[in-house]
Amino acid sequence: MNRNRLLDMFASNLANAIVHKILEKAIDKPEIMQFYSKEVKNSFEIAKRYREKINPADKTLPVHDIRIREKIINKVKAELSLRILKGYTNIDLSLVEKLVDDYLKEFRII
C-alpha cells in the first residue's frame with residue numbers, strides 16, 4: 001500500500017475514534033456508551049496498525065505530512081455536524097481539536 005493511502009486510512013480510523021469518543025461523552029445511556037467505547041477501541045487499534053506501517057514509525061512525521069491534522073479535524077467536525085442534524089444532543093465540538101492533538105501526540109505525528 002502506498003504511503004498516501006496509509007495516511008488516509010490512518011486519518012479515517014483516527015477520526016472515527018475521535019467521533020465516537022465525543023459521542024461517548026455526549027450520551028448518558030450506559031448501553032449506548034458501551035457501544036461507543038468499543039468503537040473507539042477498535043478504530044484506535046486499526047489506526048495504530050496503520051501508523052506502524054507509515055515510515056518513520058518511531059519518529060514524528062515530516063512537516064509536509066502534518067496537514068493530516070486538518071484532515072482529521074475536518075472529518076470529525078463533518079461527521080459530528082451530520083449527527084447534530086440528525087437530532088443528537090450534547091455534542092461538544094470544542095473537544096475536537098484537543099482530542100485530535102492528544103491522539104496525534106500519542107501516535108507521534110506532531
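As the structure is a computational prediction, the values presented were derived from the model and not from experiment.
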Exercise for review: State whether the side chain of Arg51 and the backbone N or O of Ile54 hold a donor-acceptor pair below 3.5 Å, judged by distance alone.
Suggested key: yes

Given side chains that start at C-beta, do those of [X] and [Y] come closer than 4.5 Å, heavy atoms only?
X: Leu6; Y: Met9; result: no
X: Leu23; Y: Ile91; result: yes
X: Arg69; Y: Asp101; result: yes
X: Ile84; Y: Leu93; result: yes
X: Ile72; Y: Tyr103; result: no
X: Leu14; Y: Lys75; result: no

Revision key, fill the gap. Between the CD1 atom in Ile22 and the CG atom in Leu80, the distance rounded to the nearest 0.5 Å is 5.0 Å

Review point. Below 4.0 angstrom, N of the basic side chain to O of the carboxylate: do Glu79 and Arg83 qualify?
Key: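 Between Arg83 and Glu79 there is a salt bridge, with a charged N closer than 4.0 Å to a carboxylate O.
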
Review point. Are the charged groups of Glu45 and Lys48 less than 4.0 angstrom apart, N to O?
Key: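 Yes, charged N to carboxylate O under 4.0 Å.
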
Practice item. For Val40 and Lys21, work out which heavy atoms get closest and say how close. Key: CG2-N, 3.4 Å

Review point. Which heavy atom of Ala47 sits nearest a heavy atom of Phe10, and at what distance?
Key: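 Here Ala47 and Phe10 meet closest at O-CD1, 3.2 Å.
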
Review point. Applying the 4.5 Å side-chain criterion to the ILVMFWY set and letting contacts propagate, would Tyr88 and Leu82 be lumped into a single cluster?
Key: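 As far as the 4.5 Å side-chain criterion goes, Leu82 and Tyr88 are not connected within one cluster.
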
Check your understanding: Is it true that atom CD of Gln34 has more than 12 heavy atoms of other residues, nucleotides or ligands lying nearer than 6.0 Å?
Key -> no

Review point. How would you list, by chain and number, every residue that makes a side chain to side chain donor-acceptor pair (under 3.5 Å) with Asn16, sequence neighbours excluded?
Key: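 For Asn16 the side chain to side chain donor-acceptor pair (under 3.5 Å) partners, ignoring immediate neighbours, are His20, Glu39, Ser43.
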
